[in-house]
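Data block below; observations after.
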Amino acid sequence: TEQVHECRDNGYLLSSRKIGSGTFSKVYLAYATHERLQHSPKLVAIKIISTAEAPVEFSQKFLPCEIASLNATYKHLNVVQLYETYQNNQRSYLVLELAARGDLLEHINAVSEHPGRPGLEEEARRLFWQLVSAVAHCHSSGIVHRDLKCENILLDDQGLLKLTDFGFANRSGLRNSLLSTFCGSVAYTAPEILMSKKHNGEQADLWSLGIILYAMVTGKRPFKERRPHHMLHLTRRGPTSGYSCEPLPTECQDLIRGLLELRPRARLDVQQVAAHCWMLPAAHALFPHHAQLVARWAGAPSRVGRSLAPRCPS
Ligand SMILES: Nc1ncnc2c1ncn2[C@@H]1O[C@H](COP(=O)(O)OP(=O)(O)OP(=O)(O)O)[C@@H](O)[C@H]1O
């Protein structure tokens with residue numbers, strides 16, 4: 001009842017429909033009242049965090065980081081939008097863009113029940129393109145996500161992909177500053193983090209993209225392991241025996257291998273992924289002007305001194 005009143009006082013009608021929950025949070029469907037419509041659309045998701053019950057570190061570090069990251073990445077079609085926040089000494093409320101069609105893991109599981117369905121590769125390409133676009137936007141806004149996984153990728157009613165859960169996100173900061181904290185889920189975690197090395201957050205996000213792409217196109221995760229040491233062992237074995245790319249088209253295999261590259265500096269960067277030849281049909285279909293951009297990039301030296309011309313397996 002208190003939560004209903006607190007939302008009402010801030011201009012939102014909280015419904016009884018719970019659409020998700022996290023460790024210290026519950027997410028409800030809500031309606032904006034007339035006076036809030038200039039801040040948000042009619043239907044929103046309100047994430048209610050019990051700050052009184054959460055550890056101090058969560059309320060003072062992770063929650064402010066989540067809000068700051070959502071503010072920094074505001075206004076991208078494929079990143080969940082944070083419209084506003086309000087709080088008291090018991091709870092914090094985040095008014096978020098609604099993505100009502102569940103998460104990517106549920107979608108992959110539903111789709112894998114129909115293996116060989118025509119158009120599956122096209123759908124994976126279309127969704128992965130949107131994910132790459134979201135991650136590129138975060139990185140160029142100075143934010144590394146650090147917990148990229150299928151459960152943190154939502155779909156909305158129009159089938160658009162929305163990246164969410166910035167609870168572990170951080171500023172990428174100075175170009176050469178390296179992170180050392182372990183975040184995220186073992187199955188999606190880059191080997192350099194599993195080895196407790198100082199790492200570049202952007203390169204670690206790119207590894208997670210490789211795991212997600214593999215899951216999208218095969219319906220399985222490449223490494224099914226929860227224990228960091230065993231996971232590290234599997235990643236070292238790589239495509240030869242750790243996971244198989246065999247039935248996939250050659251271009252897609254090349255992209256996955258470029259992302260699941262053990263050496264972070266040899267891993268593809270986000271621009272190279274966007275310009276990879278497996279991605280190009282999605283770029284052409286969604287953003288015809290992207291083709292011109294790629295053409296302009298082609299041949300231009302990238303940050304790491306490699307050509308940005310569309311990469312294709314030889
Ligand atoms: N904007 C949204 N639209 C629709 N559903 C959402 C939205 N945000 C979150 N959810 C649902 O609520 C769940 C929990 O949200 P979220 O992952 O942001 O919470 P969390 O507290 O950070 O979770 P965790 O403790 O697992 O990291 C999500 O898995 C999703 O099902």
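Computed from a predicted model, the values in this text were never measured in an experiment. Ligands are counted one by one from 1 in listed order, and the atoms in each one are counted from 1 as well.
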Can you list the atoms of ligand 1 that are under 4.0 Å from a heavy atom of [X]?
| X | value |
| --- | --- |
| Ala45 | 1 (N), 2 (C), 3 (N) |
| Ser25 | 19 (O), 20 (P), 21 (O) |
| Ser21 | 12 (O), 13 (C), 14 (C) |
| Lys47 | 16 (P), 18 (O), 19 (O), 20 (P), 21 (O), 22 (O) |

Enter the distance from Gln90:CD to Ile49:CD1 here, rounded to the nearest 0.5 Å.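 Rounded to the nearest 0.5 Å, the CD-CD1 separation comes out at 14.0 Å.
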
Shortest protein contact, [atom] (heavy atom only):
| atom | result |
| --- | --- |
| atom 23 (O) of ligand 1 | Gly22 CA, 3.3 Å |
| atom 9 (C) of ligand 1 | Val27 CG2, 3.8 Å |
| atom 17 (O) of ligand 1 | Asp165 OD2, 3.1 Å |
| atom 4 (C) of ligand 1 | Ala99 O, 3.1 Å |

Is there a side chain to side chain contact (heavy atoms under 4.5 Å, CB included) between His276 and Asp254? Walk through the geometry before answering. CA-CA 9 Å; His276 191 279; Asp254 183 73; 2.8 Å; yes

Closer than 4.0 angstrom, basic N to acidic O: yes or no for [X] and [Y]?
| X | Y | value |
| --- | --- | --- |
| Glu192 | Arg263 | no |
| Glu2 | Arg91 | yes |
| Arg146 | Glu202 | no |

Candidate with minimal heavy-atom separation from atom 8 (N) of ligand 1, of Leu43, Asp156, Val80, Leu154: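 Answer by nearest heavy atom: Leu154.
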
Look at atom 24 (P) of ligand 1 and find which of Asn152, Ile19, Val44, Thr23 reaches it with the closest heavy atom. Thr23

Within 4.0 Å of atom 28 (C) of ligand 1 (strictly less), any protein heavy atom? no

Take Lys149 and Ser185, measure what side chain to side chain donor-acceptor pair (under 3.5 Å) needs, and give me the verdict at the end. CA-CA 8 Å; Lys149 57 180 177 182; Ser185 313; 3.0 Å; yes

Test your reading of the structure: does [X] have an N or O sitting under 3.5 Å from an N or O of ligand 1?
| X | answer |
| --- | --- |
| Glu97 | yes |
| Glu66 | no |
| Thr164 | no |

So that I know where these two stand, are His145 and Phe166 an aromatic pair - ring centroids less than 6.0 Å apart? yes

Geometric class of the Tyr86/Tyr12 ring pair [parallel <30°, tilted 30-60°, perpendicular >60°]: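 Taking Tyr86 first and then Tyr12, their aromatic rings lie parallel (interplane angle under 30°).
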
Is there a donor in the side chain of Glu6 and an acceptor in the side chain of Tyr93, or the other way round, less than 3.5 Å apart?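 Result is yes, a qualifying pair exists.
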
